[in-house]
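Keep in mind the model is a prediction, meaning the values are calculated, not measured. To find a chain, count down the sequence lines: A is the first, B the second, and so on, and within it residues start at 1.
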Number of protein chains: 2
Amino acid sequence: MTDNYHHGDLKNALIQAGLAILSQEGVQALSLRKVAKHAGVSHAAPYSHFTDKQALIAAIATEGYKKLYEQVSAVAVHYQADPRSQLIETAWAYVQFAIDTPDHFKITFSGIVEREHDYPDYVEQAQKNFALIVEVIESCQRQNILQQGDSELLMVSIWSGLHGLIHLLLGNQLPSKLLNRVSAREILLFQLNHFFVGDTP
Amino acid sequence: MTDNYHHGDLKNALIQAGLAILSQEGVQALSLRKVAKHAGVSHAAPYSHFTDKQALIAAIATEGYKKLYEQVSAVAVHYQADPRSQLIETAWAYVQFAIDTPDHFKITFSGIVEREHDYPDYVEQAQKNFALIVEVIESCQRQNILQQGDSELLMVSIWSGLHGLIHLLLGNQLPSKLLNRVSAREILLFQLNHFFVGDTP
DNA sequence: GTGAAATCTTTACACCGTCAAGTTTGTGGG
DNA sequence: CCCACAAACTTGACGGTGTAAAGATTTCAC
């Protein structure tokens, strides 16, 4: 083995290299050639494992969903006994993931998927995350902490608020005037409060 | 005048060319060279009017904010007498802008602005839009349709829901199962209802 | 062991952003 | 009037990018 051929687990190494570049130089700097160089491999080597740059991005995005699921589900288990805290803290886990690794978050939710059939792994992980949040919401509904009715509609509404907050935060589109006054967590709590029964305006 | 030099209003022509490419081929295909060719000009000509590709994008984004302001303020005036409808319809105008010209919307809200000082026009238009929505919300507060208190905090919460919904819509990240059941407008109304006083869960 | 399949390299091409130098055009001061 | 100067635009070049094709090397099934 000349150390040049048959890296061993290049596919995964490329994903990890992509993540490293993503966290060090941001999403703008993520290129196939740079990923390849970072993995110590020729610039066309990635094409043995990914049909496309899109495919690499999809794999990185899938990884993002997996990591997000780990963190969110851990929080969900921890607050199992208290559905209200469970909803708040799982939502907060989303925000934290976005703040900690903004570029990974951006890629994960950048909407790479035009045709869902192209990246089944990605779709699977997305649905898994979706289902997890729906479960949290349904457990809130069972305890009458959230209103009864279409849990997916409720989920999308709450999820939208979450995503919008993150998107505005990462895009520097919230007036710093406001951010000096209230923290991201306070905004999140303020948002969520409008959905809880009883805590209404 | 050989028709080659001194185009007349190249700066604006480049922005329009960018918008054309954006609507025809999407944000991925937007390149300086293609914009230049589309305007019938050499590939380096844009550098006489924009320091950067970023600067062109900022100009296009600024244009997006202007167009958005026109549409939203027109709706705001139309529903002046009814603050509740005013909030609903201005929010819906946002969603429509995003659905009608998704790539222009994406660029406008892609968070190009790292240093706010770089593109003062962009920041100005952003703040103008922000202020407009805050006004709508404050007029709702005056009529006790929305809760009293920090209007900017309230605005950011509602705005987050709006942006999140749009982001998930444009990113194809809402389950089609749900979208077959409820329309984007119904999701928006469902969201907004949680903020109105009296219409509480 | 041998041939086929998988993995990786090399080469090549078109496109991209950007810079430097040169060319053309409009303009204002003498 | 004209001419120097500034602004607007072209040309050419550089390094980087995605990706396709062809060749080299290794592994693996038979």
S.K.: Atom CZ of A:F50 to atom P of D:dA20: distance rounded to whole Å?
M.R.: 16 Å

S.K.: Would you check if B:I158 and B:L87 make a side-chain contact, meaning some heavy-atom pair closer than 4.5 Å?
M.R.: yes

S.K.: Would you tabulate the nitrogen or oxygen pairs shorter than 3.5 Å linking the protein to nucleotides 11-13 of chain D?
M.R.:
| residue | atom | partner | partner atom | Å |
| --- | --- | --- | --- | --- |
| D:dG12 | O6 | B:H43 | NE2 | 2.7 |

S.K.: Please verify the inter-ring angle class for B:H194 with A:F195; under 30° counts as parallel, over 60° as perpendicular, anything in between as tilted.
M.R.: tilted

S.K.: Could you tell me, to 10°, how much the axis swings from one end of the helix from C:dG1-D:dC30 to C:dG30-D:dC1 to the other, five pairs per end?
M.R.: 0°

S.K.: Expressed in angstrom and rounded to an integer, what is the separation of B:L30 atom CG from C:dC16 atom P?
M.R.: 10 Å

S.K.: Using whole Å, report how far CD of A:E25 lies from C1' of D:dT17.
M.R.: 14 Å

S.K.: Per the side chain to side chain contact (heavy atoms under 4.5 Å, CB included) rule, which among A:V182, A:L178, A:L169, A:L179 passes with B:V156?
M.R.: A:L178

S.K.: Side chain of B:K53 only, please: which of D:dC9, D:dT19, C:dT18 is the nearest?
M.R.: C:dT18

S.K.: Measure CG/A:L56 against P/D:dT17 and give the value in whole Å, please.
M.R.: 14 Å

S.K.: Take the protein atom CG of B:L10 and the nucleotide atom P of D:dA8, then report the distance between them rounded to whole Å.
M.R.: 10 Å

S.K.: What's the NZ-P distance between B:K37 and D:dC9, to the nearest Å?
M.R.: 18 Å

S.K.: Which residue pairs pass the salt bridge (charged side-chain N to carboxylate O under 4.0 Å, His left out) test with at least one member in residues 147-168 of chain B, sequence neighbours excluded?
M.R.: A:K177-B:E152, A:R181-B:D150, A:R181-B:E152

S.K.: What integer distance in Å separates A:L14:CG from C:dC8:C1'?
M.R.: 11 Å

S.K.: For the side chain of B:V41, counting heavy atoms from C-beta on, which of C:dG17, C:dC16, D:dT10 is nearest?
M.R.: D:dT10

S.K.: To the nearest Å, give me how far apart CG (A:L32) and P (D:dA20) are.
M.R.: 11 Å

S.K.: Return a table of donor-acceptor pairs under 3.5 angstrom between the side chains of residues 38-45 of chain A and protein atoms on other chains or two or more places apart.
M.R.:
none

S.K.: Among B:Q147, B:Q148, B:Q141, find the residue that satisfies the side chain to side chain donor-acceptor pair (under 3.5 Å) test when tested with B:N144.
M.R.: B:Q148

S.K.: Provide the full list of salt bridge (charged side-chain N to carboxylate O under 4.0 Å, His left out) pairs with a residue in residues 56-65 of chain B, sequence neighbours left out, each pair given once.
M.R.: none

S.K.: What donor-acceptor contacts under 3.5 angstrom involve side-chain atoms of residues 92-100 of chain A, with partners at least two apart or in another chain?
M.R.:
none

S.K.: Students often mix this up, so state it plainly: with edges at 30° and 60°, are the rings of A:H163 and A:W159 parallel, tilted or perpendicular?
M.R.: perpendicular

S.K.: Under 4.0 Å between a side-chain N or O of B:S48 and OP1 or OP2 of D:dC9?
M.R.: no

